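The figures that follow rest on heavy atoms only: side chains count, while hydrogens, waters and symmetry mates do not. The sequence lines fix the lettering, A, B, ..., with proteins before strands; numbering per chain opens at 1. As the structure is a computational prediction, the values presented were derived from the model and not from experiment.
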Amino acid sequence: MTTRTGPRATRRLILLGAASVALLGLGNLPFGAAPALAAANDKYPDEAFKQKGEADAIKALYGKTAEPSDKVKLDAPEIAENGGVVPISVTTTLDKVTSISLLVAENPSALAASYKIPDGTIPGVANRLKMAKTSNVVAIIEADGKLYSATKEVKVTVGGCGG
Amino acid sequence: MKQSLPLAMLLALLLTLGLAPAARAANEAEFKAAYSAAEAASKEAAGMRNQWTVTVSALAAAKKAADGGDFDRATAASKEAEALAKASIVQATSEKEAWKAMEIR
Amino acid sequence: MASTIRVRATSNGDITEVQTLIQHPMDTGLVKDAKGELIPAHYIQELKFECNGKDVFVANWGTAVSKDPYVKFSFKGAKKGDDLKISWTDNKGGSDTTTAKIS
Amino acid sequence: MKARSALLLGSLSAALIAFALTSPRVVAADKVDPAADAKAFQNFFFQKFPAVKHEDFVNGPYSMNEDMKRQWQEKEEFPPYEFALDAGKEMFATPFKNGKSYADCFPNGGIGIRQTYPYFDEKEGKVVTLELALNRCREANGEAPYSYVKDEMASLTAYMAFTSRGKPMDIRIPDDPRALAAYENGKRYFYTRRGQLNFSCASCHVQSPGERIRAEILAPALGILNAMPIYRSEWSGMGTISRRFVTCNSQTRAVPLEPQADEYRDVEYFVSYVANGLPISGPGARP
């Protein structure tokens, strides 16, 4: 849907346009500054956030692969009301959970968020993510050293009638 | 796109008759006429508070093409702008009564 | 200027539920502005929650977290009146911190 | 007005007369009856969506679709308009350079009065909206007016709407022919098709609420302004009523009028009036 009258392309349309184009030029994300920062606290998984694909991101983050499990409950909308604000939450009945991560497979970089769960904290999180387009959302839970996952497809498209 | 057919025929005609240089000047006059007609229709539509965004952008495209010396494209864009402006005028006039049919009673 | 961190920490029984909304652009670095230039990436990388001297929740975020990010979680071992310290740092070295009482 | 309605009666002749026998209101087609309009307008939606509770209509698309409603409720736990609300509250309390403040311009200090806007100003003979009144208050106190489509105006109206949450919309039409004319002009604008896409407000919000327009669900026209101003994920920012009217126009490829143009003030008057009785739910969060 090309908006011939350019100036009114809304921010969201630019987001969609730029996201699909940027798939190619991902390498030059200004991470120059980040590693220095990350070195200060080595917890920020810089490498994992740079990975494009979902499997690479999981490998970079945890160094192992996950197996689907119905104990991981991923709650995401069927059709996102807006790609910029998609409410996604994860809960689980697994115990000894140490980490929860959320990935959006079709985003320019798959890993969206990764949470550290110290003991004493309930294994679950709710947040709002951005999705470039219709994609699988994957929740990964690290429990007692093993990885479990749940996947759900969320449809995303622009709104409105024309412009 | 519906404009491209007459445009193509126009170009073909010019090439066969080899009137390119004379056509260059005529096109400018032709463009001026088409552009002023389009501008008049557009003003009328604006006067009826029912201007279309596509009319405005077609007029702008016509002016830009003319400034660049491409009078064929400029004339076509002016004709398109005029058609769009006229359509918006028809819409405004007919809607003066037509809206009542939609009213929830 | 008011803190960029809005937090609601409510405890019932041994479980404290924490909701946080942070005012931050979370730019992905892939979006062009009106003049057509790319807006540089500017997003929160780490958000930490500490209570009674212990980390209770640490979030590492990428560019896919929404503008004015929101997060909700719960944890055990705290009671009404305890302090909850929240702090974030972003990829440009920006940061903010605040302390909230668990109600 | 007189000539056009005579023409209308003439052209519909037989059918109209038969119809007139059944509902007297139509015989007096040119006598404007807002109260009857409002009743008919509300009944249209109540009958079209019997499952929707009357006060839920003000939640727009979320009253039409369960999946969207859940996403909305999750957002409402800590809504994105929280910052605008706090900013509005702070601005409302900050006095102008001359020491006065917004509270001096509005009845009841501006608290809990949003549901009476827009109102018909008999001195001026025109509809005055909340956004207009706020800017006039600023100008009267030597301050520069805010843009009608930007965040400051949205923050102020967000706070004033918040103080009226739950109060039923209460728009009055005084017994003044100019008020009736403004109401009728708003109704005309609401049902008039415009733009190259040839849509009127009614094409989307009366004929097809609840249906999808790509990712979004169309909101019913009933109570559509009760949640204003709204934080839209699409704008990732706040939007006033003016901003919504301007963007809706350009989406149908109609050149928008200037914010607070008479037509916009009148259509706001009409749409708010027919929603009388439904609760104010602003500020709102929308896709």
Query raised in the report: Side chain, backbone, both or neither: which part of D:N249 has a heavy atom under 4.5 Å from chain B?
Result: neither
Query raised in the report: For D:S200, is it the side chain, the backbone, both or neither that has a heavy atom under 4.5 Å from a heavy atom of chain B?
Result: side chain
Separation between [atom1] of [X] and [atom2] of [Y], rounded to the nearest 0.5 Å:
{"X": "B:N50", "Y": "D:R193", "atom1": "CG", "atom2": "CZ", "result": "12.5 Å"}
{"X": "D:Y191", "Y": "B:M102", "atom1": "OH", "atom2": "CE", "result": "8.0 Å"}
{"X": "B:I104", "Y": "D:K39", "atom1": "CD1", "atom2": "NZ", "result": "14.0 Å"}
{"X": "B:S57", "Y": "D:R253", "atom1": "OG", "atom2": "CZ", "result": "9.0 Å"}

Report task. Under 4.5 Å, heavy atom to heavy atom: which of residues 255-270 of chain D reach chain B? Give them by number, or say none. Result -> D:V255, D:L257, D:E258, D:A261, D:E263
Query - chain B neighbours within residues 45-65 of chain D, where any heavy atom lies under 4.5 Å away - result: D:F45
Query raised in the report: Going by heavy atoms in the side chains, are D:R194 and B:E95 under 4.5 Å from each other?
Result: no
Query raised in the report: Hey, are the side chains of B:W99 and D:K187 touching, using non-hydrogen atoms and a 4.5 Å cut-off?
Result: yes
Query - Region of B:Q91 that comes under 4.5 Å of a non-hydrogen atom in chain D - result: side chain
Query - Residue-level contacts of residues 37-49 of chain B with chain D, using a heavy-atom cutoff under 4.5 Å - result: B:R49
Query raised in the report: If you count the non-hydrogen atoms of other residues, nucleotides and ligands that lie under 6.0 Å from CZ in B:R73, is the total more than 12?
Result: no
Query raised in the report: What pairs with D:F120 under ring pair (Phe, Tyr, Trp, His ring centres under 6.0 Å), at least two apart in sequence or on another chain?
Result: none
